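Comments concern the structure below.
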Amino acid sequence: MPELPEVETIARGLAKRVTGDIIESVWIGRKKEPLKSPAAQIASTLEQSRIGHVHRMGKHIIFDLDRQKKESQWIVHLGMTGRLQVCDPQTEIAKHTHAILRLSSGRELRFVDPRRFGRLSVAPAAKFDAAGIEPLEIDGDRFIALFRGRKTPIKSALLNQKLLRGVGNIYADESLFRAGIRPRRRAATITRDQLARLHAAVKEVLKEAIALGGSSVSDYVNADGEEGFFQLQHRVYAREGEPCLVCKTPIERVVIAGRSSHYCPRCQK
DNA sequence: ACTATTTCCTGGATGC
DNA sequence: TGCATCCAGGAAATAG
């Protein structure tokens with residue numbers, strides 16, 4: 001389930017491998033769910049374009065493209081199970097492959113996504129702008145202001161991509177644990193000091209996770225097919241019933257906004 | 001304007 | 001062994 005650290009890791013890996021390459025031709029599958037722009041529009045935008053900067057915005061991967069001075073962007077959201085693989089054309093085509101870009105270097109860039117929650121789209125020039133603010137760039141006052149007056153549980157607010165972009169279920173739970181805040185706490189009832197602590201926790205967790213190449217749970221791998229290691233640092237996520245690493249109290253799991261939320265009932269208030 | 005709930009999708013795990 | 005059922009969750013759609 002790629003969140004900000006996994007998407008950052010993948011984008012960095014892809015940047016190393018495909019920057020400067022030219023997309024010679026494109027195949028797009030017939031399943032409609034993965035396409036946010038019409039297939040013909042995606043194909044015509046990508047074909048004969050040179051791949052420039054590859055970067056992350058929230059949970060999106062952005063490929064800056066140019067073709068005869070005309071600029072555009074290819075935007076990829078990996079959803080739950082999406083993968084972008086760079087491989088030789090002879091490599092067997094994986095089940096659930098939805099797009100194949102043939103590159104001038106002789107390799108292919110393939111989009112594979114069994115669950116089809118991922119999305120592909122294109123935008124003219126540098127037009128794509130995800131909602132929300134980057135959690136690693138926002139300053140303390142703006143972070144605190146995001147939650148002012150919100151009655152929703154803090155966990156839901158952290159998952160809301162229109163506020164902060166890039167935080168998903170794992171990093172929301174891990175950040176709340178480090179900040180000592182229960183996931184069900186109403187955002188508006190959290191003091192400025194606690195929010196400042198949460199801000200620090202979010203940044204710390206995301207930076208540590210990026211440094212370890214993300215969390216490999218289910219089937220996440222980076223652009224080189226390697227697993228990340230941050231799952232070994234999880235303190236609450238998927239640890240229901242196991243002892244808190246700080247106080248030994250069993251970790252509890254509740255459902256908030258349809259998502260599993262894990263917390264220590266003693267360390268988090 | 002907010003907030004809460006439902007829906008989409010498949011593979012792996014679980015239960016009988 | 002086989003078959004049904006449940007669960008994972010990001011974000012859009014829907015309902016309140």
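Treat the numbers as computed from the prediction; the structure is a model and nothing was measured. Every chain is numbered from 1 and lettered A, B, ... according to where its sequence line falls, protein lines coming before strand lines.
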Checklist entry - With nearest nucleotides of DNA chain B determined for A:Pro153 and A:Arg259 from heavy-atom distances, which residue corresponds to the more 5′ nucleotide? => result A:Pro153
What is the nucleic acid contact for [X], judged by heavy atoms within less than 4.0 Å: base, sugar-phosphate only, or nothing?
| X | answer |
| --- | --- |
| A:Ser156 | nothing |
| A:Arg253 | sugar-phosphate |
| A:Phe147 | nothing |
| A:Pro2 | nothing |
| A:Arg165 | nothing |
| A:Lys31 | nothing |

Next on the checklist: Would A:Leu65 and A:Glu71 count as a side chain to side chain contact (heavy atoms under 4.5 Å, CB included) here? Give the steps.
Outcome noted: CA-CA 6 Å; A:Leu65 306 173; A:Glu71 296 183 353; over 6 Å; no
So, does [X] get its side chain near the phosphate of [N], meaning an N or O under 4.0 Å from OP1 or OP2?
| X | N | answer |
| --- | --- | --- |
| A:Lys95 | B:dG11 | yes |
| A:His77 | C:dG10 | no |
| A:Thr81 | B:dG11 | no |
| A:His96 | B:dG11 | yes |

Given [options], identify the nucleotide with an atom nearest to the side chain of [X].
| X | options | answer |
| --- | --- | --- |
| A:Ser260 | C:dA11, C:dA8, B:dT10 | C:dA8 |
| A:Tyr237 | C:dA12, C:dA11, C:dA8 | C:dA8 |
| A:Lys36 | C:dA12, C:dG10, B:dA4 | C:dA12 |

Rounded to the Å, how far apart are [X] [atom1] and [N] [atom2]?
| X | N | atom1 | atom2 | answer |
| --- | --- | --- | --- | --- |
| A:Asn169 | C:dG10 | CG | C1' | 10 Å |
| A:Arg119 | C:dA13 | CZ | C1' | 12 Å |
| A:Asn160 | B:dA4 | CG | P | 11 Å |
| A:Lys162 | C:dA11 | NZ | C1' | 8 Å |
| A:His262 | C:dC7 | NE2 | P | 13 Å |
| A:Arg150 | B:dA4 | CZ | P | 11 Å |
| A:Glu3 | C:dA8 | CD | P | 15 Å |
| A:Leu35 | C:dA11 | CG | P | 18 Å |

Checklist entry - If you measure from the Lys or Arg side-chain nitrogens to the Asp or Glu carboxylate oxygens, is any gap between A:Asp113 and A:Arg119 under 4.0 Å? => result no
Checklist entry - Looking at A:Asp173 and A:Arg239, does any basic side-chain N land under 4.0 Å from a carboxylate oxygen? => result no
Next on the checklist: Does A:Arg115 contact C:dA8 through a side-chain donor or acceptor facing the base, at a distance under 3.5 Å?
Outcome noted: yes
Checklist entry - So A:Glu204 and A:Arg178, salt bridge (charged side-chain N to carboxylate O under 4.0 Å, His left out) or not? Walk me through it. => result CA-CA 9 Å; A:Glu204 180 185 277; A:Arg178 293 193 189 200; 2.7 Å; yes
Checklist entry - Run the salt bridge (charged side-chain N to carboxylate O under 4.0 Å, His left out) check on A:Glu134 and A:Arg56 step by step: do they pass? => result CA-CA 10 Å; A:Glu134 285 292 329; A:Arg56 177 194 61 76; 2.9 Å; yes
Checklist entry - Taking the six-membered ring for Trp, are A:Phe143 and A:His199 parallel (under 30°), tilted (30 to 60°) or perpendicular (over 60°)? => result parallel
